[in-house]
Amino acid sequence: GDENDETSPAPITRYRINETSIMGPLGQTSSSNPYGPAISDEDRAALEDRSFSSSEPSQGNNNDDVRNSDNEDYDQDQTNEGPVVDQEQTPKAPSTEIQESIPYVGTIDHDAVVVVPSQPDSCAASDNDGNHNHNESARNSAVELSEEDEYRLRAYGTTEKYNVDAAGPNNTKSSEPSSSFRRLSRQFSRSLARRRSSMIESLPETPAGWAVLLCTSASALLGYELQLQQSLTAPPLVFGQVLPQSTGGKTKPSLLQQVYQHMAATPQSILRRNIQPSLFVGTRGLVASTAAYAMGGPASTERHVQFRQIISMPQDGAQVGIDWELPAATASTASQKTDEQRKDEIRNGPIPTSVVLILHGINNHAGFGYVRSLMRACCDKGWVAAGMNFRGCGGVPLTTPRAYNGAHTGDLRSVVHHITARLVGPDSYLFLVGNSLGANLVAKYLGEEGLSGTVSSKVAGAVTLGNPMNINSGKMNQVFSPLLTLGVKKLTLENWSTIRQMNDKHYQSAIRKAMCSFTLGEWDNAAAPIFVRNDPIYPFAFRTGYKDGKAYWNDASSYRLIRFIPVPTLQLMAADDTLCYTNFKNAFGYSIANPNVMIVETTCGGHLGWQESPPKRDHLFGISGTSWSDVATTDFIEAVLRSKEAGKQSPPDHFGHSSTIHHQTQTTSSPTIRSRL
């Protein structure tokens, strides 16, 4: 308005209030007074009489000098034309007399900019309504600071936003990125603080509340786990040429077809009933795999005789350890033979019952839980169980500089020759069971023997669990590959006293490169030139070294020979096996082409896990009891023995050919066999 107009508003001064508190006894706010608690009308009138009264002096009061000085200051301010706008100054602390007359508690918001009109003392002559209007206009003129200005005000005591003209535009632009970052970090920290405080406030404060919270959480978790278990519960999928074929109006089932009929005879049979995974273990593939490796297996008892036998390999003098476990002695056998006599019978023969030879996986030995569990399951069926420890594994010292690998089947062949030579009974057979890398060795060994026609008649069947079939360490999962490499290095260091005795410079160079590798693919590439191997055809000559890792992987992959397996073979694989399922699925057709191979795929189980909550049992978590794979393996072996006892097919005719053709196959020249391979 016009400066000379008496009705125009008085010039105002803008004060920035920072951390100012007025103390008093009430402490309650009012909607009409957003800057502090409400005061009564009597207190307001007393305050107005002291601060904004007319220039009449009051008798006996020392405030006359104060009023005169205030009037003089106002008269001096009237000489400066125009209002003072955006002037930041720290408000002076109120006098003691004013503080004593304010009977309320209030904290003035430090983020607010309060606009206070500069009024002369003559304004005090107006009535209370006029003063109330002035106060309301001052409150409505308050300006809220932005978040950026709030941060500057707290950090530096002032804000640069109102001093842009003085500081220059360059300074403002240079501070924008840092201000934005600080604003975002401040918002993030506030959000975390609010969530943390809300979580803390939501927690119970009494033991009963905690008990209710824990019970509710456990119920929700158990409900989810039961739902997951129900979704994974399903019968296994069976693939293979297992249905009887009609020839000339007569049905002539093969040995594998007879085995399938035994394993799927009733709805409660192993191949027809549902597989119900155990809670929290069997429902997750990685947990199931970890439990298979971490669990120690059944405890040793006096009823089961256990001992170790060391067998030397004729190729290079290496040693492997066989951990034997004999079935519990019955009343008749205990009176006839002592434990030492039973041990001598196993070492030297003749062995009166069937033997199950079990091979472990990479970086393991026969003492692992999944091997011990299967050995005990076989002993409970009345068979002799034997766990084979590879070169340098299971505490057997490495006597040669050549350790085991996934392609060399010479050691397994020698052990099979030792055991089958002791099986002299008409009903005693040898069954081979392999786990992971051991499964690949079993399939490769049987394929080599079937290709050359040299398989022993005492080898009645085989089971492979988690067989990768197509080995390629260069494409292995980048999480498992370094872990497996650490295990191989650990085995190398355990046998370092033997390895360092090899003075060949090429051998030492390969070992140094292998020890510096990070993944299993790098290890295979570095150590392939010093690996031990054998020819895949008779007489299975002993060789040393590959050109590189690719040559080793190609020779080690059992899918190339699995179509020549001549005995009934069961392949078990879980769909959630993150280590081997992809490679197995890619080589699936090679197994289907062989009429002697039956594939069983489960929905869950992990790698060598298969922890199950069996029907009519209380092992909900898979911590105790046998796994589903143990039951499936023993049922398969039992079905093969029943089929052989029935005499529906003679042992020599494994491939479906006559004995004359088999004899010709053994004498066939190597070029012909190589063309078949």
Side-chain angles (χ1 to χ4, degrees), residues 232-240 242 255-278 282 285 288-289 291-292 297-298 354 356-359 361 369-383 385 431-436 438-439 442-443 460-467 567-577 580-581 584 591 596-617 619 622 625-643:
L232 295 175
T233 301
L237 301 177
V238 182
F239 305 90
V242 296
L255 181 58
L256 183 64
Q257 293 169 357
Q258 299 172 30
V259 170
Y260 174 75
Q261 292 175 2
H262 283 290
M263 299 181 68
T266 63
Q268 290 75 28
S269 300
I270 191 67
L271 295 183
R272 293 182 60 183
R273 69 173 177 85
N274 289 334
I275 303 175
Q276 182 176 338
S278 60
S289 304
S354 297
V356 181
L357 180 63
I358 304 173
L359 280 68
Y370 64 91
V371 179
R372 304 298 301 178
S373 176
L374 182 56
M375 292 176 64
R376 182 60 55 85
C378 293
C379 289
D380 292 340
K381 291 289 185 178
W383 311 316
F431 292 89
L432 305 178
V433 180
N435 297 272
S436 191
V442 168
V463 181
T464 61
L465 296 85
N467 181 12
V567 296
T569 302
L570 174 65
Q571 283 190 299
L572 297 182
M573 178 60 65
D576 59 350
D577 186 346
C580 299
Y581 182 73
F584 172 82
S591 298
N596 295 315
V597 178
M598 178 172 60
I599 301 174
V600 177
E601 179 181 326
T602 61
T603 306
C604 54
H607 187 65
L608 307 180
W610 287 290
Q611 286 81 9
E612 183 191 19
S613 297
K616 300 180 181 180
R617 295 188 183 181
H619 307 308
T626 57
S627 67
W628 179 88
S629 61
D630 296 345
V631 180
T633 300
T634 54
D635 285 2
F636 176 80
I637 296 175
E638 192 173 17
V640 173
L641 292 175
R642 288 180 180 179
S643 300

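What you see is a predicted model; the values in this text were computed from it and never measured. Counting begins at 1 with the first residue of the sequence.
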Asn435 and Ile358, any side-chain heavy atoms less than 4.5 Å apart
yes
With a 3.5 Å distance limit and no angle check, can you tell me whether Asn467 reaches the backbone of Ser436 through a side-chain donor-acceptor pair?
no
Looking at every non-hydrogen atom in both residues, tell me the closest pair between Val640 and Ala460 and how far apart they are.
CG1-O, 3.8 Å
Do you know the tightest heavy-atom contact between Gly609 and Ser629?
O-OG, 4.4 Å
Do Asp576 side-chain atoms and Gly606 backbone N/O form a donor-acceptor pair below 3.5 Å?
yes
What are the two closest non-hydrogen atoms of Ser613 and Pro277, and how far apart are they?
OG-O, 3.8 Å
Does the side chain of His262 reach to within under 4.5 Å of the side chain of Val259, using non-hydrogen atoms?
no
Of all residues at least two apart in sequence or in a different chain, which pass the salt bridge (charged side-chain N to carboxylate O under 4.0 Å, His left out) check with Glu601?
none
Mind listing the closest non-hydrogen atom pair of Gln611 and Ala291 along with its distance?
NE2-CB, 3.6 Å
Classify the side-chain pair Thr602/Trp628 by whether it contains a donor and acceptor separated by less than 3.5 Å.
no
Is the side chain of Ser269 donor-acceptor paired with the backbone N or O of Thr266 at a distance under 3.5 Å, no angle test?
yes
Looking at CG of Leu374 and SG of Cys379, how far apart are the two atoms once the value is rounded to the nearest 0.5 Å?
9.5 Å
Applying side-chain contact (heavy atoms from CB on, under 4.5 Å) between Thr464 and each of Leu570, Val442, Val433, report the one that passes.
Val442
Rounded to the nearest 0.5 Å, how far does CD of Glu612 lie from CG of Asp630?
10.5 Å
Do Pro568 and Phe636 make a side-chain contact, defined as non-hydrogen atoms from C-beta onward lying under 4.5 Å apart?
yes
